[in-house]
Amino acid sequence: MFYVIVNPNAGRGKKKKQFERAVARMRERGMEFCLEYTHARGAAKELARQACEAGGDVIVAGGDGTLHEAVNGFTNFDRCALGLIPLGTGNDFAVAAKIPEDPVAAVDLIAGGTPKYTEYMQMPQGVRGINVIGTGIDVEILRRCRENRLFRGKTGYLLSLIVSLIKFKNYDLRARFNGKEERYKALIACIGNGYRIGGGIRMCPQAVLGDGLLDFVAVDNVKKLRVPAAFIKLMKGRILEESFTRFERCEHVEVVPEKPLTVQVDGELYDGLPFVVDVVKDTLRMYRG
């Protein structure tokens with residue numbers, strides 16, 4: 001049995017026809033399924049927990065935010081697997097997981113595929129992430145996106161990114177990984193399991209699912225005069241080429257800011273959450289490419 005967790009507001013409510021195509025394909029493939037709709041923030045977490053307790057596979061029909069909630073509600077890993085029909089605005093993790101954007105193809109991947117072990121990121125207080133975790137300018141961008149009533153989606157994110165870069169400030173923090181500690185005046189510090197955020201911005205361009213490692217990227221002590229060139233490199237997925245970018249692969253990371261900072265986990269904002277991340281391998285199984 002597949003339990004399909006549907007976010008009716010995914011893609012700003014514009015993906016109804018795509019979802020109808022997915023449902024039709026599930027029926028054509030003879031899949032046994034039931035639909036569960038989210039109607040409030042946090043609902044997907046509880047629905048995923050209930051589905052796993054019932055022993056069924058979970059399919060998320062939504063975007064990165066709905067997927068984040070479902071991963072946080074996932075249990076019974078030995079019996080249950082996770083699928084995704086990407087219906088969000090950015091669908092960043094779907095791209096990293098090589099899940100087709102076309103809903104019919106995404107259903108076919110689930111119906112005819114075998115779930116693969118897929119890493120996720122474990123944080124304190126029981127919080128899990130699956131795509132990218134970060135602090136710094138990415139938090140400012142998300143806040144500006146949510147305050148922007150005129151531009152939404154990818155356009156809103158890009159405009160918020162540009163404004164945030166103009167007004168940016170560096171953050172004093174320490175990072176511990178691979179047995180060492182580094183100090184940064186960071187514009188951003190992030191951990192990537194997936195490689196992109198904001199509907200296509202390749203913040204961790206070398207991150208690969210299935211390698212058992214997380215990619216730590218910090219943009220350190222960047223000067224204002226270098227921001228335009230850095231922005232171009234970022235949009236081209238070449239931010240690691242900049243001399244002020246620090247990059248490490250690791251299984252455990254601790255980021256300790258001098259002052260309390262908000263942490264974003266898969267685009268969701270958490271206040272008071274310690275920025276401590278461990279990779280979890282060979283546990284979550286997911287239908288992916």
Is there a donor-acceptor contact under 3.5 Å from the side chain of D220 to the main chain of T245?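 Here the side-chain-to-backbone pair does not exist.
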
Do the side chains of [X] and [Y] get close enough for a salt bridge, i.e. N-O under 4.0 angstrom?
X	Y	result
E242	R226	yes
K233	E241	yes
R285	D78	no
K180	E248	yes
K17	E20	no
E258	R183	yes
E251	K281	yes

Looking at side-chain heavy atoms only, is the closest gap between V6 and E36 below 4.5 Å?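 Not in contact.
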
Partner of F216 under ring pair (Phe, Tyr, Trp, His ring centres under 6.0 Å), chosen from F247, F177, F275: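 It is F177, the one option of F247, F177, F275 that forms the ring pair (Phe, Tyr, Trp, His ring centres under 6.0 Å) with F216.
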
Ignoring hydrogens and angles, state whether a donor on the side chain of E268 or Q264 is under 3.5 Å from an acceptor on the partner side chain.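 E268 vs Q264: no donor-acceptor pair found between side chains.
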
Crowded around E254 CD? As in, over 12 foreign heavy atoms under 6.0 Å?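 Yes, CD of E254 has more than 12 neighbouring heavy atoms, counting only those of other groups under 6.0 Å.
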
